[in-house]
Amino acid sequence: MTNQTPPMPPEIQKQMKKVGLKISFMMALMMSFALSLTGNLTAEHPPEMPMIAIIIGFLESFVLSFAVSFGIGLVVPMPKVNAALGRKFHLQPRTLKAHIVESIVSNLIYTPLMTTVMVTFVYFFLISPGHRPPFLPMFISSQVICFVVAQVLIFIFEPIIIKIAMPKMPPRPPFEQEHPQP
């Protein structure tokens, strides 16, 4: 006897896929904006750099970061990852412990890749060769800062975004109405 659940009906699978895309889009938008802004605010800009160059650099970083983040969201099935984490660590869904573990794993999947792409892009394409700091210190500090910022953002905003993206369900009747006592 197997302990597998029956497959979901196609219309529910389609709706869940749509919700997943919505969550991926909103998370990518929020994370890319925040991490691009963090990168710009922590960067050392030469005094002669015009503000428009800084804004354009931010926008280019944001677009690239969004593409990477949304791409990861399309490839990595976070609900399945979270379910596997729950089984592996015996986590109860929708508990603080589960949310902490899931947000750390999500951060480990997304942030290092996003930060690597953004730092490399900024270093080789946006910073003029005469103003480039050493790559490794810039890379390591960016990884640490972005990981901390992303952890806070994922922990706080992921549940909010999931709640926004989930379709509104009609209220469930009380247990007694579903199962009347004889």
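Along the sequence shown, residues carry numbers from 1.
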Identify the two heavy atoms, one from [X] and one from [Y], that lie closest to each other, and give their separation to 0.1 Å.
X	Y	answer
I127	P133	CD1-CD, 4.3 Å
C146	L35	O-CD2, 3.8 Å
M30	F157	CE-CB, 3.6 Å
T111	Q143	O-OE1, 4.3 Å
A165	V19	O-CG2, 3.9 Å
V68	M114	CG1-CG, 4.1 Å

Exercise. Show the numbers, then the answer: is there a side chain to side chain contact (heavy atoms under 4.5 Å, CB included) between L21 and L74?
Key: CA-CA 7 Å; L21 281 173; L74 293 175; 3.2 Å; yes
Spell out, as yes or no, whether a donor-acceptor pair under 3.5 Å connects the side chain of [X] to the backbone of [Y].
X	Y	answer
S69	S65	no
T120	V117	no
R132	F124	yes
S32	A28	yes
T115	P112	no

- Message: Is it the case that the side chains of E158 and S103 hold a donor-acceptor pair, with the cut-off being a distance below 3.5 Å and no angle test?
- Response: no
Under 3.5 Å, is there a donor-acceptor pair between the E60 and S36 side chains?
no
Does E48 have more than 12 heavy atoms from other residues, nucleotides or ligands lying within 6.0 Å of its CD? yes
Would you indicate whether the side-chain heavy atoms of I52 and P50 approach each other to under 4.5 Å? yes
* To do: Could you check if a side-chain atom of K22 sits within less than 4.5 angstrom of a side-chain atom of I161, using non-hydrogen atoms only?
  => no
Are [X] and [Y] grouped together when hydrophobic residues (ILVMFWY) are joined by side-chain heavy atoms under 4.5 angstrom apart?
X	Y	result
V75	M16	no
M27	L113	yes
V152	I160	yes
I23	V76	yes
L153	V148	no

Quick check for you: to the nearest 0.5 Å, what is the distance between [X] atom [atom1] and [Y] atom [atom2]?
X	Y	atom1	atom2	value
I145	I140	CD1	CD1	12.0 Å
I72	S24	CD1	OG	10.5 Å
L91	L96	CG	CG	11.0 Å
E102	M78	CD	CE	7.5 Å
T42	M138	OG1	CE	8.5 Å
K14	E11	NZ	CD	10.0 Å

| request: Please work out whether the ring planes of F62 and F66 are parallel, tilted or perpendicular, with thresholds of 30° and 60°. | output: tilted
Margin query: Would you call the rings of F135 and Y123 parallel, tilted or perpendicular, taking 30° and 60° as the class edges?
Written below: perpendicular
message: Let's go through M31 and I154 carefully: what are the C-alpha distance in whole Å and the side-chain angles of both, what is the deciding distance for side chain to side chain contact (heavy atoms under 4.5 Å, CB included) to 0.1 Å, and is it a yes or a no?
response: CA-CA 8 Å; M31 294 298 294; I154 292 168; 3.9 Å; yes
Would you say the rings of F58 and F33 are close, in the sense that their centroids are separated by under 6.0 Å? yes
Hits for side-chain contact (heavy atoms from CB on, under 4.5 Å) against M49, two or more places apart or cross-chain, chain-then-number order -> H45, P46, A53, I54
*Output, in order, the C-alpha distance, side-chain angles, deciding distance and verdict of side chain to side chain contact (heavy atoms under 4.5 Å, CB included) for F139 and T116.*
CA-CA 7 Å; F139 178 76; T116 298; 3.5 Å; yes
